[in-house]
Structure formats: structure tokens, C-alpha cells
2 protein chains.
Amino acid sequence: MTMAGRAAVPEVIWARPERTGRGPRPAYTRADIAAAAVRIADAEGLDAVSMRRVAAELGCGTMSLYNYVPRKEDLYELMMDAVSGEHELWEPSGDWRADMIRVAHQTRALMHRHTWLPRLMSPVYGFSPHALRFLEHCLACLDPFDAPYGTKMELVAMVNGVVTTYVTNEISTAERTRSLPWSEEQENAARIAYLGAQLASGAYPRLAASLGADAGPIDMEAVFERALGRVLDGFA
Amino acid sequence: MTMAGRAAVPEVIWARPERTGRGPRPAYTRADIAAAAVRIADAEGLDAVSMRRVAAELGCGTMSLYNYVPRKEDLYELMMDAVSGEHELWEPSGDWRADMIRVAHQTRALMHRHTWLPRLMSPVYGFSPHALRFLEHCLACLDPFDAPYGTKMELVAMVNGVVTTYVTNEISTAERTRSLPWSEEQENAARIAYLGAQLASGAYPRLAASLGADAGPIDMEAVFERALGRVLDGFA
DNA sequence: AGCGCACTACGTACGCTGTACGTAACTAGG
DNA sequence: CCTAGTTACGTACAGCGTACGTAGTGCGCT
């Protein structure tokens, strides 16, 4: 025993073969595991996704899961890949601007379907098989856009960033209050009451004007649309 | 006892008075607590910030902390407010574009100084006293920008969003490997090796062209600058 | 054919987390 | 002065990620 325990060498889970051929047939596939974790996250929030909980959902012992998923981080990676696979990939229309808007809307819909997704969004998870397919699709949509690949990558990153930012804003309070012992409405009411008191103090005149003038609720959909348009304009 | 235990009513920590006047003098101020938590997060990462750890840093018992901070979420809120106070607020120059660029650079520097900050970035924490001051300052910088307040708010949100997105990308791998038993270089090497194998498969021709052509490392600083410029262009 | 080893499965245990609850000391308002 | 509200904090519980050890299983090689 020259090496201490397991190898302390970094491994990307996608580099591990799913089956080696030796030993008993694994009872579950990675897809099974990812689906179970996604199901839990969708229904009960990301914090409900624990190794024990996922194992229970699958119907196996907790530690059996570690045969498939060496670390919890890798479970997240499986989840991200699974939902990345939900992206619809179409034949590029020839109008890259329209295609990017379609991509953005689809990503937004995906995030609304899986509200834990923005929290896991990170370039670290950007290289799973399905994520690569999605990225390649975005670049295919940008074929008619006459620019170096570096610029195209920046555009894709920007669009995804804007979508992530806006959806995060849309769902943040809802996700936050999920585990709290009071409702989202109560939470918002408390925050608005405090904010109102602060604005009334007169210390933030412009802010008061911004939030007080248009009393109506903000149309996040329209805000998103405008932001997206402006970003695309910045590149054209 | 008609009510079960503590009141299940939502409270924003800023709405609680720091001192009520009754009982012994509190041994610490909110600023003390926030500073201790920030110190830990800066030195050992956000995950090292636990109630026990912060209490130990302050030199008091774990549960004493709960007199000041009802929930851990509120500790995060104190941290966010503390670093928001590090924003330098200057007399607007009259050139709103230049001022917004300055704001963006300052926020980026702040996030590099406190790398846990992007992870906590959320509109939920956007209404602490120092955050309000910062927002008011941004709006003041936008006084020369002839647009409705709604548009100004969208601009500020966009700039902050872009900064957050880009700094997140810059920091993510570094933060991820902090707790792992191998170095960032090893982790990156493993990911790049896997990515290279995937690209070599020929399934992602555009992606391969994008990442393979310019072999040199990407200048994130320049990318950030361009992204920022494009966003501001979109509004002008 | 059959041996050996890599693999699956999983129970137990450790150190960590947030925090509910109970108790003792203290101090300002009535 | 008294008492109610506050601070301080030890104990305890449920839950977490996961290291480790042990059985059992079946492929690949001799």
C-alpha cells in the first residue's frame, strides 16, 4: 500500500466510463440517477437533494450511490447535463438574431421549469456532453453572423448570462421563502414595508422616485425582452 | 401560550432595532459580527462561515450569536451590507457613461476582494442600508441620462448583472477547487484533457474551431471591457 | 473450467451543520 | 424595588457529506 486510499487525482465524471464490464451489472444508469435528483429538486428545491434522499428515491442504500457518483458535486454535474438535454435544437433559420432570441426564450423556459438551475449555473458545468451540444447549436445559429469565433463565444456567453441574471431575479424570493416558515407574500410584505419606511425618510430621493412613481407591478417579461434586445443590438 | 414558540412572522433584520435598551449591554455590534464573518469568508471561503465559526471568531458561545442574528440568512445579509459599504461614492462627473464604467470596475474590484460575493448576489439582499446608498449613487450618476427612471433602473441592473456574471466566471473554478484535495491546475488539466478528447471526436466542429484556433489564454479583462461597452451602447 | 480480482452493494460511524429549547445572570422602566 | 425583557450559552437533535470495512457477484485470463 504505497498510495493512501483512493487516488487523489482529479476526475471529470464524464471521463469515467459508465460501465467497465467487470463485476455485477449496475442497477441504475446515470440517467436514472440524474432524473431522480432532478425530480427531487423540481418538487422540493435544490436543498432537498441530498445523497441520502436521492438514494432513497432510487430505492438503494445511501453509500451505493457513491459507486456511480464519487462526490456530490458530480451529482450536480449529472443534473445539469440532464436538463441541458431538454434544449430543443432546431435547424438554424439563417437569421441569427431571431435564433438567439429563440435560444434565450427557451433557456428562460427551462429555468422556470427547473428553478434550481440558475443556482448551479457555472462555467464549471458548461462542458458536459449535452452542454457541448447546446453550445455547438448556438454557434451553428451564429454561422450567418460574420464575426470571429471569439466574438461569437462572447455573444453566447452574454445571452446566457442575461437570461441567468433575469431569471434569478424572477425566482429568487420564491426560492428563498421555500424553506421559511412563512409565505412569500408575507416575506415580500415585510420587505416592502421596511423599504417604504426607508424611502419615506427622504435619504434616497431618486430611488423613491423610481419605485414610487409607477405604482403598477413591473412586467418582468417585457424587461427581459428589452434587455435581450439591447444586448443583441450591442453586437450588431 | 396561544402562540407556538416564537412568532412565525417574517422579519427583515434591518427593521429590528440593534438595541432595545432593556437588559444587559450587547457585547458586539452588528458591524463587529459582519466584519468577523467577512474576515472568515475572505480567508477560508464562504462555506467556512458557520454560526459556530463566527461565534468563535468573536469569542462568544455559538448560541449567543442568535441574539443578534435570528437566522443564518440574516448573517449573509449583514455580510452583504458590510461589503456594500466599501463602495466609494463620488460626485457624479456629468458623463454618465464614464461614471457607470467606473461603477462597474469598482464593483468588479469589490468582488475580487470578496470572492464569495457573487454567490450571495441576489435581489433579496439588494435593500440593505448600504445597498440602498449604492443604488441611489448609481441613479445620481445617471441624472444626465435623459430617460425614465424605469430605464435607469434597468441599466443599473444590467451593469451589475454583467459584472456579476463575468466575475463569477473568473472566480468559479478557483472557488470550486478550494475545498477539493487537488489543486486548481490539476482540476483544469483534467477538464481540458477531457474537453480536448471530446473536441477531437469531430462532433463539435465550431466549438473546436472556437477553442482551438486562438491557443493563447483569453484576456478576461478585455472581454469584460468589451461586454460592458456593448451593454452601455445598447442603452445609448 | 475455474481462479482471482474488480466491481457492486450497503451498514456503520465521524465530524460537521443549523438551530430549538432551557436556564442563569443582568438591567432598565414602571 | 420589582419584574419583565434581554443577553449569554450549554445541551441536544436531526440532518448532512463521506471514509471505511465487509459481503457478494460475475467478467476476463490462465
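Just so we're on the same page: letters track the sequence lines, and every chain starts at 1.
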Would you mind classifying the nucleic acid contact of Ala55(B) as base, sugar-phosphate or nothing, using non-hydrogen atoms under 4.0 angstrom?
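Here Ala55(B) touches no strand at all.
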Protein-nucleotide distance ([X], atom [atom1]; [N], atom [atom2]), rounded to Å:
| X | N | atom1 | atom2 | value |
| --- | --- | --- | --- | --- |
| Leu46(A) | dC16(D) | CG | C1' | 14 Å |
| Arg25(B) | dT6(D) | CZ | C1' | 13 Å |
| Ile33(A) | dT8(C) | CD1 | P | 11 Å |
| Tyr28(B) | dA8(D) | OH | C1' | 10 Å |
| Glu18(A) | dT8(C) | CD | P | 11 Å |
| Asp32(B) | dT7(D) | CG | P | 15 Å |

Heavy-atom side-chain proximity of Arg16(A) to Tyr68(A) below 4.5 angstrom:
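No - every pair of side-chain heavy atoms lies 4.5 Å or more apart.
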Tell me, please, whether Tyr166(B) has Arg108(B) positioned over its six-membered ring: NZ or CZ under 6.0 Å from the ring centre and within 45 degrees of its axis?
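Here Arg108(B) fails the 6.0 Å and 45° test against Tyr166(B).
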In terms of side-chain heavy atoms of [X], which of [options] is nearest?
| X | options | answer |
| --- | --- | --- |
| Thr20(B) | dT6(D), dA9(C), dT17(C) | dT6(D) |
| Met51(B) | dT19(C), dT8(C), dT7(D) | dT19(C) |
| Arg22(B) | dG29(C), dC16(D), dC26(C) | dG29(C) |

Is the shortest side-chain N to carboxylate O distance from [X] to [Y] below 4.0 Å?
| X | Y | result |
| --- | --- | --- |
| Arg133(B) | Asp81(B) | no |
| Asp42(B) | Arg39(B) | no |
| Arg191(B) | Glu11(A) | no |

Looking at Arg25(B), I want to see if its CZ is surrounded by more than 12 non-hydrogen atoms of other residues, nucleotides or ligands under 6.0 Å.
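Atom CZ in Arg25(B) is not packed in, count stays at 12 or less.
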Check DNA chain D against residues 59-78 of chain A and give the residues with a non-hydrogen atom under 4.0 Å, in numerical order.
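Residues of residues 59-78 of chain A under 4.0 Å from DNA chain D: Thr62(A), Met63(A), Tyr66(A), Arg71(A), Lys72(A).
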Nearest heavy atom decides the nucleotide; on that basis, is Arg52(B) or Arg19(B) closer to the 5' end of DNA chain D?
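Looking at DNA chain D, the more 5' nearest nucleotide goes with Arg19(B).
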With DNA chain C as reference, determine whether Ala27(A) or Ala48(B) sits nearer its 5' end, using the nearest nucleotide of each.
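Going by which nucleotide is closer to the 5' end, it is Ala27(A).
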Gln106(A) and Glu86(A): CA distance, side-chain angles, deciding distance, side-chain contact (heavy atoms from CB on, under 4.5 Å) verdict
CA-CA 10 Å; Gln106(A) 205 175 94; Glu86(A) 292 182 22; over 6 Å; no
